[in-house]
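Structure first, commentary second.
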2 protein chains.
Amino acid sequence: MDTKITNFIQSIYMLPNDILEDVLGHFKYLEFPKNHLLLQQGKTCKHLWVMTKGAVKYFYTNEEGKEMNTWFSLDTQVIADTTSFVSQEPSEENIQLLEDSEMYSIEYSALQSLLQKHHSFALWYIKLIEQHYVAQIEDRIADLQFLNAKQRYQKLLNLYPEITNRISLGNISSYLNITQETLSRIRAGKF
Amino acid sequence: MDTKITNFIQSIYMLPNDILEDVLGHFKYLEFPKNHLLLQQGKTCKHLWVMTKGAVKYFYTNEEGKEMNTWFSLDTQVIADTTSFVSQEPSEENIQLLEDSEMYSIEYSALQSLLQKHHSFALWYIKLIEQHYVAQIEDRIADLQFLNAKQRYQKLLNLYPEITNRISLGNISSYLNITQETLSRIRAGKF
DNA sequence: AACCTTTTTTGATGTATATCAAAAAATAAG
DNA sequence: CTTATTTTTTGATATACATCAAAAAAGGTT
């Protein structure tokens, strides 16, 4: 079976071979084109995706119809609206591809039965949540609370040095919680 | 054994009786006075606490020596610096009691061996993380990103109507990411 | 290459919230 | 009850960033 997803799984927490086989059997390989909407605001997030190549943004549309980005993921990352996925209630945000992307998806119900079936898979999932949600998300809170616009931009550049070649300023500024004009001025060294 | 911690554990995810007994045996009951420092910046968070009564703040001290609150927990809540606890690396923040509090603590190493030992406890821990970290934390990001100072204050009041009787304005304003003066003006209806 | 569309930059002005200073009110201590 | 200490409020001014409008630059398409 495909090595990319196998490597990803085993990098989180090593599973015995027979259990790995069972888990892999529930992941489906998919390719999606740029702009494809993985999840729509108001729909329940029924899948967890492992992206092995590509880029996505998370955003929601506010009262005035303006798109506000809440998150980016580039290259190998877990993709899901965590709140909707764990509660199986409607999502408040959209997830959309910014590039042609490769994904492996697993359904919520399949994940649940694997968790019940295999103790080691439950331990795997604990590691996944710890690494992919908790750490990243707490960092984002600290950024929003303590860094100014310029510092947030520099930190993003540090994390994804090539981001400006892959994602438009409008999308980046929305994630940084500033206007496109302000980001342009930051880049021009005016602050 | 004590019913408060038992009720808390069983409210997350029901455990079989023999496993519940084993788990309870690893929780230690503790009472701490107001101002006690549960965790200090730079030290590794080696415990997870279940607070059954009391109030705590999470904060870090910035370059200028100013305390910046990142989180409050009142009454029944899980307390830990998640990032430090899951990685077992030094914490970047402090956790301090704002009232005399009752806690049940479990050590990191005891938790890890219970996770390895009992499949159902691993399922319990997954629910704990999902409910107590992910949902709350994602909500906080949305607040910081999309609400103004007044809206953040009103939302906090909504969540903890009695908070102004228990926690000082200075502590609340720091959590809301505004100055004490601004919070005072918001309360006076000046915005 | 010339045209159209999208993205990025620049300029002028406005607003939410910070900062600094000090007064008033509440709480604690003698 | 009185004094000392901490917390909260008020006022004047400053600043980071938003908004609105328009020009410039970059990409795509025929």
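Chain identifiers are assigned alphabetically (A, B, ...) following the order of the sequence lines, protein sequences preceding nucleic acid strands; residue numbering begins at 1 within each chain.
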(request) Check whether the ring centres of Phe8(A) and Tyr104(A) lie less than 6.0 Å apart, and answer yes or no. (result) no
(request) Measure the distance from CD on Gln151(B) to P on dA16(C) and round it to the nearest whole Å. (result) 12 Å
(message) Is the ring pair Phe72(B)/Tyr175(B) parallel, tilted or perpendicular, if the boundaries are 30 and 60 degrees?
(response) tilted
(request) Can you sort out the partners of Leu147(B) under side chain to side chain contact (heavy atoms under 4.5 Å, CB included), two or more places apart, ordered by chain and number? (result) Asp143(B), Gln151(B), Arg152(B), Lys155(B)
(request) Verify the contact: side-chain N or O of Ser184(A) to OP1 or OP2 of dT9(C), cut-off strictly under 4.0 Å; return yes or no. (result) yes
(request) Select base, sugar-phosphate, or nothing to describe what Ser168(A) touches, counting heavy atoms under 4.0 Å on all strands. (result) sugar-phosphate
(message) For His119(B), give me all partners under side chain to side chain contact (heavy atoms under 4.5 Å, CB included), at least two apart in sequence or on another chain.
(response) His119(A), Ala122(A), Leu123(B)
(request) Would you kindly confirm whether Ile167(A) and Phe59(A) end up in one hydrophobic cluster when ILVMFWY residues are joined by side chain heavy atoms under 4.5 Å apart? (result) no
(message) Among dT8(C), dT8(D), dT10(C), which nucleotide has an atom closest to any side-chain atom of Gln180(B)?
(response) dT8(D)
(message) Across nucleotides 17-29 of chain C, 5' to 3', mark each nucleotide with B, S or - according to how protein heavy atoms within less than 4.0 Å reach it.
(response) BSBBB--------
(request) Starting at atom CD1 of Ile167(A), determine the distance to atom P of dT8(C), rounded to an integer number of angstrom. (result) 11 Å
(message) Can you measure Leu176(A) atom CG to dC17(D) atom C1' for me and round it to whole angstrom units?
(response) 13 Å
(message) Tell me the interatomic distance from Asn35(B), atom CG, to dT6(D), atom C1', rounded to whole angstroms.
(response) 13 Å
(message) In whole Å, I'd like the distance from the CZ atom of Arg166(B) to the P atom of dT7(D).
(response) 18 Å
(request) In whole angstrom, give the distance that lies between atom OH of Tyr153(B) and atom C1' of dT9(D). (result) 14 Å
(message) From CD1 of Ile172(A) over to P of dT9(C), roughly how many Å is that when rounded to an integer?
(response) 11 Å
(message) Over 60° means perpendicular and under 30° means parallel, so tell me whether Tyr60(A) and Phe146(B) are parallel, tilted or perpendicular.
(response) perpendicular
